Amino acid sequence: MRPCQVDPFCPEREGCAAGAVKQPKTPAWLVLIGGLAGAVGLLVYMTDRDAASAMLFPTIAALDVGPVFGSVGPWLPSFVHPFAFSLFTAAAMLPRASPAYGACGAWWAVNVVFEVAQHAQFSRYIAASLQLIIGPTWLTQALSNYFLLGTFDVGDIAAATAAALAAAAVLYLIHLLEARHAH
């Protein structure tokens with residue numbers, strides 16, 4: 001095991017006492033990586049998506065130069081969402097001896113459920129059930145519109161699966177770094 005001062009991968013190497021070993025700031029790294037991924041996802045909506053389909057903000061005309069993200073653009077948000085939110089959730093959890101892989105599985109499941117709910121065989125039933133059980137609120141209307149107007153795509157499920165695995169890999173690598181820097 002090397003001391004922080006000579007380890008170029010140690011995020012805490014400045015200020016370490018000679019021979020001291022410090023823990024990396026895991027939550028900060030997870031939030032940073034998740035935030036960068038989220039920024040890429042926002043760029044997809046600002047550049048590659050039709051303004052009519054963006055619920056929160058329109059396409060920025062200055063960035064409307066055609067599909068910036070090419071063939072991965074349609075599935076990139078389906079990758080970014082479970083990837084970034086898995087890392088954010090893991091960062092918010094109490095420190096543990098093992099990585100928070102459950103966060104990856106949970107966000108994968110949320111994304112798959114929302115994707116399957118857009119399938120023509122389920123969307124009308126789910127939208128009607130929401131209105132019946134919860135009632136006509138802005139939230140049930142927004143969810144109903146999401147399910148009824150959305151398009152089921154197995155590529156989105158594949159992207160969410162790849163994202164959950166990638167987030168688990170990031171958690172594993174950071175866990176290895178922590179173990180390497182532990183006393």
Side-chain angles (χ1 to χ4, degrees), residues 26-94 100-168 170-171:
T26 302
W29 281 107
L30 295 176
V31 170
L32 176 67
I33 295 167
L36 290 172
V40 170
L42 288 175
L43 277 175
V44 171
Y45 282 101
M46 293 176 3
T47 60
D48 288 20
R49 294 286 174 103
D50 179 22
S53 67
M55 289 180 61
L56 300 177
F57 53 88
T59 302
I60 296 176
L63 298 177
D64 192 14
V65 294
V68 173
F69 293 95
S71 61
V72 298
W75 298 285
L76 199 53
S78 295
F79 178 90
V80 166
H81 185 261
F83 178 77
F85 280 87
S86 293
L87 298 181
F88 294 152
T89 302
M93 296 174 75
L94 294 174
Y101 297 127
C104 304
W107 283 107
W108 171 83
V110 166
N111 280 266
V112 169
V113 165
F114 269 76
E115 190 61 36
V116 170
Q118 294 178 79
H119 195 283
Q121 287 185 311
F122 308 113
S123 60
R124 290 193 200 315
Y125 173 75
I126 292 170
S129 296
L130 281 171
Q131 297 297 321
L132 181 66
I133 294 168
I134 300 173
T137 67
W138 68 270
L139 180 59
T140 57
Q141 187 61 45
L143 286 172
S144 294
N145 287 342
Y146 178 83
F147 298 138
L148 292 170
L149 303 175
T151 304
F152 171 80
D153 187 352
V154 77
D156 287 332
I157 292 175
T161 302
L165 293 172
V170 168
L171 292 175

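Throughout, numbering of the chain's residues begins at 1 and tracks the sequence. This one's a predicted model, so the numbers in the text were calculated from it and none came from an experiment.
Between Ile157 and Val116, the closest side-chain pair of non-hydrogen atoms falls below 4.5 Å.
When all heavy atoms are compared, the tightest approach of Val80 to Ala37 is CG1-O, 3.2 Å. The shortest heavy-atom contact between Pro77 and Pro82 is O-CD, 4.5 Å. Shown here for Ala84 and Gly38, the closest heavy-atom pair between the two residues is CB-N, 4.4 Å. Taking every heavy atom of both residues into account, Asp156 and Pro74 meet most closely at OD1-O, 3.9 Å. For the pair Ser144 and Gln131, the tightest heavy-atom approach, listed with the atom from each and the gap, is OG-NE2, 3.1 Å. Closest approach of Ser86 and Ala167 over heavy atoms only: CB-CB, 3.7 Å.
Listed by chain and residue number, Leu30, Ile33, Phe83, Leu87, Ile174 satisfy the side chain to side chain contact (heavy atoms under 4.5 Å, CB included) test with Val170 (two or more places apart in sequence, or in another chain). The ring pair (Phe, Tyr, Trp, His ring centres under 6.0 Å) check on Phe85 picks up His81, Phe88, Trp107, with sequence neighbours excluded. Contacts of Glu115 classified as side-chain hydrogen bond (donor to acceptor under 3.5 Å, both in side chains), with partners at least two apart in sequence or in another chain: Gln118. Remark: Phe152 engages His119 in a ring pair (Phe, Tyr, Trp, His ring centres under 6.0 Å) (not counting sequence neighbours). Under the side chain to side chain contact (heavy atoms under 4.5 Å, CB included) criterion, Leu165 pairs with Thr161, sequence neighbours left out. Take Leu149 and apply the side chain to side chain contact (heavy atoms under 4.5 Å, CB included) test, not counting sequence neighbours, and it matches Asn145. With sequence neighbours left out, Thr137 forms a side-chain hydrogen bond (donor to acceptor under 3.5 Å, both in side chains) with Thr140. For Phe147, the ring pair (Phe, Tyr, Trp, His ring centres under 6.0 Å) partners at least two apart in sequence or on another chain are Phe114.
Leu171 contributes atom CG, which lies 14.5 Å from atom CH2 of Trp29 (distance to the nearest 0.5 angstrom). Interatomic distance, Tyr125 OH to Leu130 CG, rounded to the nearest 0.5 Å: 10.5 Å. Here the OG-CD1 distance, from Ser129 to Ile134, works out to 10.0 Å after rounding to the nearest 0.5 Å.
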